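Inspection log for the structure reproduced underneath, given as structure tokens.
Just so it is clear: chains get the letters A, B, ... in the order the sequence lines come, proteins before strands, and each one is counted from 1. Keep in mind the model is a prediction, meaning the values are calculated, not measured.
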Protein chains: 2
Amino acid sequence: MHDHPSDRSTDLAKAKRTLKWQRDPEGMRLRILEAAKQEFAAHGIAGARVDRIAAEAGANKRMLYYHVGNKEDLYLAVLEGAYEKIRAEERTLDLEHLDPPEAIERLIEFTWNYFIRNPEFLALLNTENLARARHLKRSTKVKSMHSPFVEMIRTVVTRGVARGDFKVAMDPVQLYISIASLGFFYLSNSATLSVIFGRDLLKKPAKDERLAHMVALVLAALTGKSTASFGKGSAAVEKPNVRTFSRVVPAKAGTHNP
Amino acid sequence: MHDHPSDRSTDLAKAKRTLKWQRDPEGMRLRILEAAKQEFAAHGIAGARVDRIAAEAGANKRMLYYHVGNKEDLYLAVLEGAYEKIRAEERTLDLEHLDPPEAIERLIEFTWNYFIRNPEFLALLNTENLARARHLKRSTKVKSMHSPFVEMIRTVVTRGVARGDFKVAMDPVQLYISIASLGFFYLSNSATLSVIFGRDLLKKPAKDERLAHMVALVLAALTGKSTASFGKGSAAVEKPNVRTFSRVVPAKAGTHNP
DNA sequence: CCAGAAATTAACCCGTTGGATAATTACTGT
DNA sequence: ACAGTAATTATCCAACGGGTTAATTTCTGG
């Protein structure tokens, strides 16, 4: 969504207490949706509280119904907004002019960083899947928002195979899902995994290591080469990083999980 | 858990109406936990209804509190049971005597099939992560149940590298997470992905294709070979399958997602 | 066979929560 | 300036849902 003056701080709730109050329909709607996004992401559909959303948005509960609708309408609006946002960002990624391996690397990095920057997106997807996509199915809007990534991957892979960079040609859909998988699962399940492994998977070194592993894994599969730290200081899309498989079978190291 | 006479049918609820009723503490407890598992998996913590669990278990609501505890206790018991179950099955997998590549394949297949056979497990994990592992953290029981897979992977990879089967040695933890990722994400998010791609990812051919892709991807990365359908009719752990990357860049094919 | 404990049922309680109704206040065009 | 509409506030409420209390029934050991 485009910036709106009353959009930044999440609880500038009272900033509107100028004498009595002033009108701001669009701003109100945005604050409601933002608050709803946080609430649904944090508590799921059933766990979300309409009153909390209202409070967080600095609004009266009645406003939610006035501007968006009931709880489910609210949820769907949030979900659609989330898809719109990622699709919009996806479209900004231009891979056409890159060497195929680097294009794939960029793709992985973008996806990974998007997930890191938008944890609510992960939560919302999980919530929606818990609901078996009951709401998505009704949303013609989302169904018409196709990700450009599948086609991007198709052309990149084709190009890579033609140029000899890649040994095999994977199904773009499968590869797309795999790239999403590797990052999504790690981040989405970081809480339980951190407990199981007895170490914090969200601290920077762990995340850096994960990104390097994902890139190395996918590129190794595509190129057939063990992809030793290939250069190109290329300041990655959002975060430069090491890119090798972590040292050879790192022995029991720090992990306390046998 | 071990079989108990009054365990099989889920709604044999009334089978206990022998005149008035008869006692069956253990059976009751099991039915309660099974019902709770389904309920929590289907609706999450906040969405779960204590009354529904009771009804499904063929019990009075009071029984839940008598045999297990309040809603949260119930949830934690379910979660711990889920971890116990998967850990138990994991221990039955013996990879030591297999060739490294085949061992990895078996591992992937096992994980994949376990997820398919236990959809509630996926849902529970998602639910717990939505709660930021709030309950897991309190469970000393689960924290002490280490997966044997990480060590299995470590030895297999080491062996594979020594024998020359594998070109690179990956960090076992990363590889473990990656293998889980590839299957987990696909299945856990199949509902939304199916809507987005406009095709049912859960029908058999799609699932078979996914398994083949996962195996090919991981093995290609490890061996450096494009892993063309390597043989060994090896009747996979639970489901034999094709194992190549799907045909070369399958053109727009059936997919309606550009 | 019977007393006490264990298991189970039946009924109720009360805070929460989504949603609705109605009254108030701020804008807008004319 | 003012009428009409849009935006917002202030209350209310009925149902839902987790948890509890108390009465009932079955089982077991002596």
- Item | side-chain contact (heavy atoms from CB on, under 4.5 Å) partners for A:I53, two or more places apart | A:A35, A:A36, A:E39, A:F40, A:L64, A:L74
- Could you list the residues that satisfy side chain to side chain donor-acceptor pair (under 3.5 Å) with A:T192, not counting sequence neighbours? B:N129
- C:dA6 P sits how many Å from B:Y65 OH, rounded? 22 Å
- Message: The criterion is side-chain contact (heavy atoms from CB on, under 4.5 Å); which residues satisfy it with A:L187, sequence neighbours excluded?
- Response: A:W112, A:F115, A:I116, A:L122, A:L202
- Specify the separation, in whole Å, of atom CG of B:L64 and atom P of D:dG17. 15 Å
- Return each pair, listed once, that meets ring pair (Phe, Tyr, Trp, His ring centres under 6.0 Å) where at least one residue sits in residues 50-74 of chain A; pairs must be two or more places apart or across chains. none
- Side-chain contact, heavy-atom cut-off 4.5 Å: A:L201 with A:K207? no
- Within residues 66-74 of chain A, the residues having a heavy atom closer than 4.0 Å to DNA chain D are A:Y66, A:H67
- Message: Taking side-chain contact (heavy atoms from CB on, under 4.5 Å) as the definition, give me every residue that meets it alongside B:S139, ordered by chain and number, with sequence neighbours left out.
- Response: B:L76, B:E80, B:K141, B:V142
- Task: For A:H135, enumerate each residue passing the ring pair (Phe, Tyr, Trp, His ring centres under 6.0 Å) test, keeping only those at least two apart in sequence or located in another chain.
- Result: A:Y75
- Spacing of A:Q22 atom CD relative to D:dT8 atom C1', expressed in whole Å: 12 Å
- Message: Give the residues of residues 39-51 of chain A touching DNA chain C, defined as any heavy atom closer than 4.0 Å, sorted by residue number.
- Response: A:A48, A:R49, A:V50, A:D51
- Could you state the atom-to-atom distance from CZ of B:R52 to P of D:dG19 in whole Å? 15 Å
- Task: Nearest whole angstrom, please: distance from the P of C:dA7 to the CZ of B:R31.
- Result: 13 Å
- Roughly, in whole Å, what's the span from CE in A:M63 to C1' in C:dT21? 14 Å
- Spatial distance of atom CD1 (B:I177) from atom CD1 (A:I196) [nearest 0.5 Å]: 11.0 Å
- Note on the structure: Here the distance between atom C1' of C:dA26 and atom CZ of A:R23, to the nearest Å, is 5 Å
- Given atom CD1 of A:I32 and atom P of C:dG18, what is their separation to the nearest angstrom? 15 Å
- Task: Kindly state each residue pair satisfying salt bridge (Lys or Arg N to Asp or Glu O under 4.0 Å) with at least one member in residues 120-137 of chain B, sequence neighbours excluded.
- Result: B:K37-B:E120, B:E72-B:R134
Show me the protein contacts with nucleotides 10-14 of chain C, counting only N or O atoms at under 3.5 Å.
residue	atom	partner	partner atom	Å
C:dA10	N7	B:N60	ND2	3.2

- Considering residues at least two apart in sequence or located in another chain, which fulfil the side chain to side chain donor-acceptor pair (under 3.5 Å) criterion with A:S178? B:R210, B:H213
- Can you sort out the partners of A:D51 under side-chain contact (heavy atoms from CB on, under 4.5 Å), two or more places apart, ordered by chain and number? A:K61
